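Heads up: the structure comes next, in structure tokens.
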Amino acid sequence: MKLKIVSFGILTLLAGASSCKKESDFLNVLPTSILTNEQAFSDPNQVLSILANLYNRQLDFSTVRSWESMADFSETFPSQSNAPQEIVRRNEWGYNFWSTWDYTYIRELNIFLQRCEAATKLSDGDKKRFLAEGRFLRANYFFEMVKRMGGVPLILEPMLYDFKGDPTYLQHPRAKESDIYDFVIAEAEAIKMDLPADVNNKSRASRGAALAMECRAALYAGSIAKYGSNTPQVALAGGEVGIPAAMANGYFTKSLAAAQQIIDGSAGAYGLYNKKPDLSENFASIFYDKGTNPETIFIEDFKLKSGKVHGFTQVNQPRYGAEEEEGGRLNPSLNLVQSFEKLDNTFAPLPVKDGGGAPVFYNTQVDIFAGRDARLGGTVMLPGTSFKGRTVDIWAGYQLADGGIVSGDERGQQKTLPGGAGPVQVVGFDGPINGKEHTAQTGFYLRKYLDPAAGSGSRGTGSEVPFVRYRYAEVLLNAAEAAFELGQSGVAAGYMNQVRARAGLVTPLTGAQITLARIMHERRAELSFEGHILFDQKRWRNAHVVWDGVAMTEADLLANIGAANKRNTQPFGLWSYKLHNPGNPNHGKWLFKIVKSPLVTGTNRFRMGNYYSFIDDNIRSNNPKILKQPNQD
Amino acid sequence: MKLLNYLIVTLLTVLAASGCKKDNYDPPSAMLSGRLQYQGAEIHLEYNQVPYQVYQFGFGKTGSVSNTSFEQDGSYSLLLFNGEYKLIVPNGQGPFLWKKTAAGNPDTITVRMNGSQALNLEVTPYYMIRNAQLSVAAGKVNGVFNIEKIITDANARDIERVNLYINKSAFVSGAGNYNIASAGKTGAEITDPANVALSATIPVLVPAQSYVYARIGLKVSGVEDMIFSPVVKLSL
């Protein structure tokens with residue numbers, strides 16, 4: 001024991017003796033692995049890499065990174081077993097769906113702006129652009145928040161805690177919903193001249209992106225103001241939720257003005273993508289053509305072999321002959337498919353039966369879809385069409401003369417037909433087979449965003465097709481809607497006809513034909529699976545009407561197509577069969593049946609409390625100034 | 001060294017023995033239960049759609065201690081610790097008006113729990129469905145009832161529609177999986193509120209069963225939740 005004490009004493013002495021350097025020399029050593037603020041903001045490439053992190057953290061509602069995010073709202077049937085099936089099993093959306101409250105991101109954006117402002121070694125041009133980009137991202141996230149949460153605390157400075165035990169000075173109440181929209185609009189106006197007006201600058205903020213954000217935000221605010229009267233209970237007394245009706249026209253005017261700046265070319269040479277003669281192929285190309293694409297304005301870009309790729313094609317490619325043993329998860333519903341107009345601008349169900357109730361026979365599977373909006377074929381992979389040179393094999397079986405059906409429960413199963421010599425294939429390799437994941441359980445696959453490049457469907461390679469956040473056609477539709485709401489129906493028709501002509505609907509609509517229902521339909525046809533449907537229905541205060549929780553029958557499905565209040569609570573499918581009746585003139589031809597999968601047991605029910613997503617109780621505990629959303633328990 | 005081992009073992013034993021007392025509470029045992037009523041009449045609701053909230057103050061966090069809703073017969077029950085609670089139905093919930101403060105916020109009911117207690121909640125519905133008679137005849141469920149308008153002052157609201165719902169299970173409402181058939185009338189189609197009749201065809205029941213459940217619901221325009229008559233089991 002004594003020896004230990006002695007040796008410890010010696011050690012202490014030694015340590016004391018050797019540390020007799022000046023304190024400043026000893027402690028002030030710069031770390032070699034951390035950059036100071038000054039260093040980080042001294043070089044434009046360095047700043048860009050900080051910005052890249054902030055760009056990567058943007059929040060999207062529906063994105064190619066996650067197919068499930070596109071599957072909801074009865075626009076598709078999710079063709080994967082287990083968890084995703086919940087989408088068609090549940091009877092309502094929880095109040096916390098679509099919530100976001102990422103003040104960490106806002107704080108880091110604020111810090112970025114503060115440090116960039118203070119930087120001394122950046123050139124003025126660089127600095128301006130970086131600041132404008134930071135402000136764009138901040139405004140864009142506040143826009144994303146206000147869409148989902150209504151008015152939120154508008155924090156524009158990085159806040160610091162003083163560690164004195166009383167954090168109440170850091171607690172801010174929710175701003176008015178209109179204040180947040182005003183902020184987004186004002187920011188876009190303030191930064192637009194600092195951003196490049198360059199059509200090829202798509203994944204970083206550009207003047208076009210700022211204006212597109214402004215015109216969408218103003219349109220949202222305007223319609224919330226105008227249609228808020230449909231749901232008077234969706235409001236808070238302080239304006240945190242709900243916008244006064246008197247403000248509607250001001251917002252619509254701003255929206256139209258912002259859209260017109262893009263349309264008149266002052267933000268760059270944007271235009272509709274019109275490069276391919278086949279209109280459906282042309283529409284699909286908007287999303288995968290990465291050459292000089294005049295349509296896309298602001299995208300999340302991906303790049304092969306860079307580490308940033310996605311597997312959207314891999315999980316949604318037609319299953320038969322796919323590059324992986326999977327695919328086909330998003331199966332668009334018949335509800336969506338039948339909503340595409342006929343070329344004479346009218347709505348009609350697909351002709352499955354004739355007036356007497358007898359099936360209509362078709363020579364090929366695609367015939368039933370002929371004479372419709374070309375966006376149908378560009379959005380949905382129809383049976384009988386092809387992808388990567390292979391025809392999708394979607395058919396449900398053989399219809400026999402006696403009313404019986406021969407089908408299988410394995411992909412491409414073989415059976416012997418009555419009177420047949422040997423087994424033949426009786427169901428498509430792509431299904432549809434109820435409950436068989438990755439087959440086309442509604443009879444359709446998705447086409448939008450699918451990448452035709454070789455290897456895009458394999459796990460190792462992935463796809464570099466971008467996710468489009470803002471594009472020119474939406475700007476045109478925003479302009480049309482704003483003009484319509486301002487009473488300028490003729491102007492509205494002009495913008496809408498441009499978009500429609502690109503889809504092959506060349507008979508122009510007149511101003512008198514433009515109604516809100518028309519505009520709603522046009523946005524669904526053009527922008528489905530692009531993350532608009534929820535926010536559009538919310539701002540029109542129409543979500544509780546179309547998703548009212550009442551189960552649908554086939555008669556419901558076929559009635560009122562194209563109407564604003566058209567119920568859309570359960571996804572239906574359309575299955576094709578080959579007639580097997582040797583000697584009958586229709587032998588070997590196709591007939592179709594409308595089906596609702598037995599797996600669809602729930603309905604979409606949008607409650608008043610869903611209009612603005614739940615603010616977590618912990619958030620409200622930490623900051624009692626945060627008011628609760630209306631109509632939630 | 002051995003001594004140290006013994007010491008550690010002893011210490012651990014003591015800790016383990018005393019730990020069980022320290023951090024385990026008895027479960028809540030005081031039952032608060034009751035139902036919604038208007039002048040003694042029951043108010044029936046859709047299952048799991050009308051929430052009520054119970055608050056207890058003084059524990060640091062804000063927010064309701066329970067996130068539950070009324071049963072479809074308008075009853076509720078909660079297990080609580082003894083203490084003082086406040087109970088409300090939030091604004092805009094339920095086909096009725098809850099007492100309000102002068103500022104327009106829902107007025108709270110103070111509940112002092114000291115053992116179990118029953119507490120019925122008096123509310124003012126917009127309408128009451130009275131004398132609902134449901135019967136089966138020729139493959140149909142027929143319902144006859146009258147409607148009494150309760151709120152007639154400035155808060156009065158119109159009837160949006162009335163529905164007769166049929167289901168195979170005892171959960172009956174307009175929600176997708178809570179009815180197998182329904183019949184409805186809009187408010188404008190109701191000519192005599194004192195005598196309203198609805199009739200819905202019973203669809204084929206798969207698997208077959210010899211009974212169905214049915215009830216009448218009334219939707220007040222601008223109010224999300226419907227008010228219902230009691231669920232009736234009907235033999236076929």
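Keep in mind that this is a model prediction, so the values were computed, not measured. Below, chain A is the first sequence line, B the second, and so on; all start at residue 1.
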Worksheet, complete the sentence: On a heavy-atom basis, the closest approach of B:Tyr55 and A:Lys628 is OH-NZ, 3.6 Å
Worksheet item: Rounded to the nearest 0.5 Å, what separation is found between the CD atom of A:Glu92 and the CD atom of B:Gln49?
Response: 4.5 Å
Practice prompt. Please say whether more than 12 non-hydrogen atoms of neighbouring residues, nucleotides or ligands are located less than 6.0 Å from NZ in A:Lys596.
Written response: yes
Item to complete: Count the heavy atoms belonging to other residues, nucleotides or ligands that lie under 6.0 Å from CG of A:Asn82, then report whether that count exceeds 12.
Response: no
Worksheet entry | Carboxylate-amine/guanidinium proximity below 4.0 Å for B:Glu46 and A:Arg607 | no
Discussion item. Heavy-atom count check: over 12 atoms from other residues, nucleotides or ligands less than 6.0 Å from B:Lys99 NZ?
Written reply: no
Worksheet entry | Minimum heavy-atom distance between A:Arg605 and B:Ala175, given as atom pair plus value | NH1-CB, 3.9 Å
Worksheet item: Does OH belonging to A:Tyr161 count more than 12 external heavy atoms closer than 6.0 Å?
Response: yes
